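Here's the structure we're looking at; comments come further down.
Small disclaimer: the values here were computed from a predicted structure and weren't measured.
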Amino acid sequence: MTGRPLRLVATLLLAVLVAGCGKADAGPQPWHGGRIFLATGNTTGVYYQLGGGYADLISQHLPGYEARAEPTGASVENVNRLGSGDMEIAFSLADTAADAVTGRGAFDGRPQQVRALARIYRNYTHLIVRADRKINTFADLRGRRISTGSPKSGTDIIAGRLLTAAGINPDRDIQRLNLSLPETVQEMRAGSLDAMFFSGGLPTPGIKDLLTSAPGAFRLLPLDDLIEPLTAQYGSVYTTATLPMEVYGSAVPTPTITVANVILVRADMPDQLAYDLTRVLFAHQSELVPVHPEAANFTRESAAGTDPIPLHPGAARYYRNG
């Protein structure tokens with residue numbers, strides 16, 4: 001090929017290269033086809049509500065991306081699906097995320113390459129018992145039928161650790177059932193469960209429905225006495241707080257165990273996308289509050305405190321520079 005045809009091919013190649021450069025300069029290109037899936041939790045929990053709201057914000061305010069929240073079994077499943085590439089964003093309890101980073105607990109010997117976008121609101125551990133079962137102390141749980149949450153969820157992990165801290169073997173000393181929150185609520189109402197654990201924001205819709213639909217039939221038990229053995233083994237990831245009586249119409253305030261929530265992504269997420277996702281979360285945070293009031297319970301300053309889970313470099317840039 002000589003002469004004009006050769007020059008024509010060269011011209012076309014140059015045009016393609018120039019167009020490609022121009023496209024690159026136009027801004028970040030969609031990652032994974034522009035689809036972003038958020039791993040949340042049970043459909044009657046706070047993760048699912050806030051995850052849906054956050055997905056809407058991403059779709060509305062991040063050009064080139066469409067996001068969708070997916071119901072899951074929560075923290076451990078979320079981290080696993082994030083690691084497999086099935087999800088791009090995951091909600092998780094901070095203790096589960098710390099286990100994932102260090103390769104312990106449910107991730108024993110398998111450290112996960114996850115990074116945090118933000119530390120958000122904290123979860124309150126709910127221990128709810130049927131009032132007619134004469135369960136007045138934590139020790140009274142021995143031998144009872146108890147739901148510790150979805151299999152390998154953050155709730156399941158905390159419940160197991162609390163039981164162990166109290167000297168109760170969670171697999172031998174109780175009749176342990178791993179049920180989702182909707183299933184747990186149904187079984188509590190039916191009387192086939194004596195007690196249940198759930199770790200969630202305030203209010204958790206499924207729990208509010210259970211407690212307010214049958215006043216006096218269920219009680220919340222305090223858990224703050226177990227903070228010392230928990231922190232001795234797992235560090236400051238666990239704290240205490242009082243669950244206000246007005247949240248669920250309880251007779252008294254309930255001191256309990258709390259743990260922060262984090263929003264996670266894979267370590268290999270492009271820095272610019274992680275930056276943009278973090279920016280959207282805070283630039284439009286006020287739009288999340290009507291979705292669930294827990295959206296008001298974190299700030300840009302507190303969100304950067306994700307230790308021991310490393311911040312994604314893109315998120316860290318947002319917290320430094322805005």
Side-chain angles (χ1 to χ4, degrees), residues 38-54 69-81 87 90-96 106 120-131 133 135 141 144-163 170 174-214 217-221 223 243 247-250 254 256-262 291-295:
L38 286 78
T40 61
N42 294 171
T43 54
T44 56
V46 179
Y47 279 179
Y48 186 69
Q49 289 194 329
L50 280 183
Y54 187 28
E70 295 288 324
T72 69
S75 297
V76 176
E77 179 185 336
N78 291 356
V79 173
N80 283 328
R81 294 181 72 176
M87 296 282 160
F91 284 70
S92 174
L93 287 169
D95 57 347
T96 300
I120 49 175
Y121 69 97
R122 60 183 173 177
N123 268 17
Y124 289 69
T125 306
H126 303 67
L127 170 56
I128 303 169
V129 302
R130 285 190 60 95
R133 300 300 161 86
I135 302 173
L141 294 177
R144 305 290 187 151
R145 284 176 58 85
I146 302 169
S147 173
T148 59
S150 299
K152 296 184 178 180
S153 63
T155 292
D156 192 32
I157 290 172
I158 289 177
R161 289 176 177 178
L162 286 167
L163 289 160
I174 65 168
Q175 298 177 59
R176 185 177 192 172
L177 290 87
N178 288 121
L179 304 175
S180 70
L181 181 56
E183 292 170 326
T184 298
V185 167
Q186 181 178 348
E187 297 301 315
M188 286 288 285
R189 283 198 178 114
S192 54
L193 286 174
D194 300 308
M196 62 170 285
F197 287 90
F198 192 77
S199 179
L202 301 181
T204 293
I207 291 177
K208 185 171 184 177
D209 183 47
L210 174 68
L211 297 181
T212 58
S213 64
F218 307 97
R219 292 188 295 112
L220 286 153
L221 287 192
L223 294 170
L243 202 162
V247 174
Y248 300 115
S250 306
T254 308
T256 191
I257 302 294
T258 61
V259 60
N261 293 288
V262 289
V291 176
H292 194 281
E294 287 287 15

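Not one N or O on the side chain of Glu77 forms a donor-acceptor pair closer than 3.5 Å with the backbone of Lys152. With hydrogens and angles disregarded, no donor-acceptor distance shorter than 3.5 Å links the side chain of Thr96 to the backbone of Ser92. The main-chain N or O of Ala74 is found under 3.5 Å from a side-chain atom of Thr72 such that the two form a donor-acceptor pair. Put simply, the side chain of Arg219 gets close to the backbone of Ile135: a donor and an acceptor are under 3.5 Å apart. The backbone N or O of Ala69 sits nowhere less than 3.5 Å from a side-chain atom of Thr40 that would complete a donor-acceptor pair.
Inter-residue side-chain proximity for Leu162 and Ile257 is flagged as met; some heavy-atom pair is nearer than 4.5 Å. For the pair Phe198 and Thr125, the minimum side-chain heavy-atom distance is 4.5 Å or more. Inter-residue side-chain proximity for Leu221 and Thr254 is flagged as unmet; no heavy-atom pair is nearer than 4.5 Å. Contact annotation: the side chain of Leu202 approaches that of Glu294 to within less than 4.5 Å [non-hydrogen atoms, C-beta and beyond]. Side chains of Ser199 and Leu93 form a contact here, defined as non-hydrogen atoms less than 4.5 Å apart. Between Ile146 and Phe197 there is a side-chain heavy-atom pair separated by less than 4.5 Å. Counting heavy atoms from C-beta on, the side chains of Leu163 and Arg176 never come closer than 4.5 Å. Side-chain contact check for Thr44 versus Asp209: every heavy-atom pair is 4.5 Å or farther apart.
Taken to the nearest 0.5 Å, the CG atom of Leu210 stands 5.5 Å off from the CD1 atom of Ile128. Note that CG of Leu243 is 10.0 Å distant from CG of Leu223, once rounded to the nearest 0.5 Å. Here CG of Leu38 is found 6.0 Å from CZ of Phe91. Values are rounded to the nearest 0.5 Å. Between the CZ atom in Arg81 and the CE atom in Met87 there is a gap of 3.5 Å [rounded to 0.5 Å].
Ring pair Tyr248/His126: centre-to-centre distance below 6.0 Å.
With hydrogens and angles left out, the side-chain atoms of Asn261 and Tyr47 include a donor and acceptor closer than 3.5 Å.
Of all heavy-atom pairs spanning Pro170 and Gly160, the tightest one is CG-O, 4.0 Å. When all heavy atoms are compared, the tightest approach of Val46 to Pro203 is CG2-O, 3.7 Å.
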I'd like a table of donor-acceptor pairs (distance under 3.5 Å, sequence neighbours excluded) in which one partner is a side-chain atom from residues 177-185, with atom names and distances.
from	atom 1	to	atom 2	distance (Å)
Asn178	ND2	Thr148	OG1	3.2
Asn178	ND2	Gly149	O	3.2
Asn178	ND2	Asp156	OD1	3.0
Asn178	ND2	Asp156	OD2	3.4
Ser180	OG	Glu183	N	3.3
Ser180	OG	Glu183	OE1	3.1
Glu183	OE1	Ser180	N	2.9
Thr184	OG1	Ser147	OG	2.8
Thr184	OG1	Leu179	O	3.3
Thr184	OG1	Ser180	O	2.8

Practice item. Please test Met188 against Arg130 for side chain to side chain contact (heavy atoms under 4.5 Å, CB included), starting from the C-alpha separation and ending with a verdict. Key: CA-CA 7 Å; Met188 286 288 285; Arg130 285 190 60 95; 4.2 Å; yes
Exercise for review: Test Arg133 against Asp194 for salt bridge (Lys or Arg N to Asp or Glu O under 4.0 Å), laying out the working first.
Suggested key: CA-CA 7 Å; Arg133 300 300 161 86; Asp194 300 308; 2.5 Å; yes
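Leu220 pairs with exactly one of Val129, Thr256, Leu211, Ile207 by the side-chain contact (heavy atoms from CB on, under 4.5 Å) rule, that one being Leu211.
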